[in-house]
Amino acid sequence: MDLSAIPRLPLLDLPSPIEPLDGLARHLGADLNGVRLFVKRDDLARFGLGGNKLRKLEFLLGAARAEGADTVITVGAIQSNHARLTAAAAARSGFACELFLTRSVPRSEEAYARNGNRLLDDVFGATVHELAAEADSLALAEARAEALRAMGRRVYVFPSGGSSPVGCLGYAACASEILAQAEAMGLGLAQIVVPNGSCGTHAGLAAGLKALGHNPRLAKSYAVLETGQRAEAITLNKAKATLALLSADLSLTADDIHIDGAHRGPGYGIPTAGMLEAVRLLARTEGLLLDPVYSGKAFAGLLHDVRTGTYPDGAAVLFVMTGGVPGLFAYPDVLAG
Ligand SMILES: *Cc1c(COP(=O)(O)O)cnc(C)c1O
C-alpha cells in the first residue's frame, strides 16, 4: 500500500502508542477469560484535544491545500468531535472554518448546548451555524460554499465525520501502522476494535487491511449512530470506495464487514448504562478517558464480549481510543457523582 503520492498535511505524532490495560486486567481478574487487552492511543495529540478525526483530517486538509482552498466547511451534531477538530486543525493550518451543527440529539441540558465541543468551536474561532434537528446540514453547507465561491473564496466541504473516501485513507494508513506495531511487539492480534459513527474509521481499517493482504474482519466495530444493519451497508460502501483509491484489482463483500449493533441503546448521543459503566471503569482502573457518545458504548460492547467468552484464552484484542474527551463535559447530568 503506497500512500506517498496522496496529498497529506501532517498533524500527528505517529505511530500513536499501543499500551496494555494492566489496571483493568487486575480489576477484572477471571472475568477477562484470559483475554489480553491493549489500547491504541489515538486520543493523544499535540493540539485540539485529540481524537480519530485528526487521521482523516491529515488527508482531507491535504486535499484542500492541494486544491488551493482557503476555507473549509463541515457538518455534525452540536457536540461533534469532528467539527471541533476541524476547527482546531484549520486554525493551526491557516484555513478559515465554518461549521453547520444540527440539534439532532434530544438533550435539553444547558451543558450539551453550550459546553464541551461546542464551547471549543468558538474558542478555536470557527464560524458556527446552528440548525434545527431536521435541517439538511450538508445541503446548507454546500449552498454556503457556493456563496463564498461567488465572493472569490476557495472552499472545500467535508462530509459528516470527515468520512469521505479521502478521509477514510487516514485509517487505511492506521491499519498499516497497527500491523507493524503488533509485529514488533509480538502481538498476534485477534481483533482490532473501534466505535462506528459515520463509518469511516472502520471503513478505512477494512480497506487498509484488505490492501495489505490481511482479513478485513480483523477490524470489528460497535455501531453507535446507525443500526447495526445500516452501519454494515454504509461501512461496506465507504470501504469499497476507499479501497478503490488504493488498488484497482481488489474488492470487498458484505462478509468482510464485522459490526455489532447491540450496544447503541436508544440512539446516537443517548446515554446507556453500559456506557456509564465503561467510562467509569476505565477512568477508575487506568486513569484513561472514554467518551459518552462513541468509545464509551464501544468499550461497553467489548467488555460484554470479553466477559461472555467471545475470545479464546490468550487472545490479544486492541481497542482504538478514538478521543472525544470534551464530550464528557456535555453530560454532567449522567456522569456526576
Ligand atoms: C467520530 C468518532 C468516532 C467514530 O468514527 P467514525 O469514523 O465516524 O465512525 C469514534 N470515537 C470518537 C470519539 C469520535 O469522535
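Whatever order the structure lists them in is the order used to number ligands and atoms, beginning at 1. When reading the values below, keep in mind they use all heavy atoms of this one structure, side chains included, and skip hydrogens, waters and symmetry mates.
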Undergrad: Which word best sums up how the rings of Tyr331 and Tyr112 line up, parallel for under 30°, tilted for 30 to 60°, or perpendicular for over 60°?
TA: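 Geometry flag for Tyr112 against Tyr331: perpendicular rings.
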Undergrad: Listed by chain and number, what are the side chain to side chain donor-acceptor pair (under 3.5 Å) partners of Arg65, not counting sequence neighbours?
TA: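 If we apply the side chain to side chain donor-acceptor pair (under 3.5 Å) test to Arg65, skipping adjacent residues, there are no hits.
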Undergrad: Check for a donor-acceptor pair, side chain of Ser247 on one end and backbone N or O of Asp249 on the other, with a separation under 3.5 Å.
TA: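 Yes; at least one donor-acceptor contact below 3.5 Å.
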Undergrad: Return yes if a side-chain donor-acceptor contact under 3.5 Å exists between Arg153 and Thr71, otherwise no.
TA: yes
Undergrad: Which other residues end up in the same hydrophobic cluster as Ile234, if Ile, Leu, Val, Met, Phe, Trp and Tyr are linked when side-chain heavy atoms come under 4.5 Å apart?
TA: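 Taking Ile, Leu, Val, Met, Phe, Trp and Tyr as members, Ile234 stands alone, with no cluster partners.
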Undergrad: Might you list the protein residues in contact with ligand 1, defined as having a heavy atom under 4.0 Å from one of its atoms, sorted by chain and number?
TA: Asn52, Lys53, Lys56, Asn81, Ser163, Pro195, Asn196, Gly197, Ser198, Cys199, Gly200, Thr201, Asp291, Tyr294, Thr322, Gly323, Gly324
Undergrad: Donor-acceptor pairs under 3.5 Å, side chain of residues 254-263 to any protein atom, not counting sequence neighbours: which ones?
TA:
residue, atom, partner, partner atom, Å
Asp256, OD2, Thr253, N, 2.8
Asp260, OD1, Ala262, N, 2.8

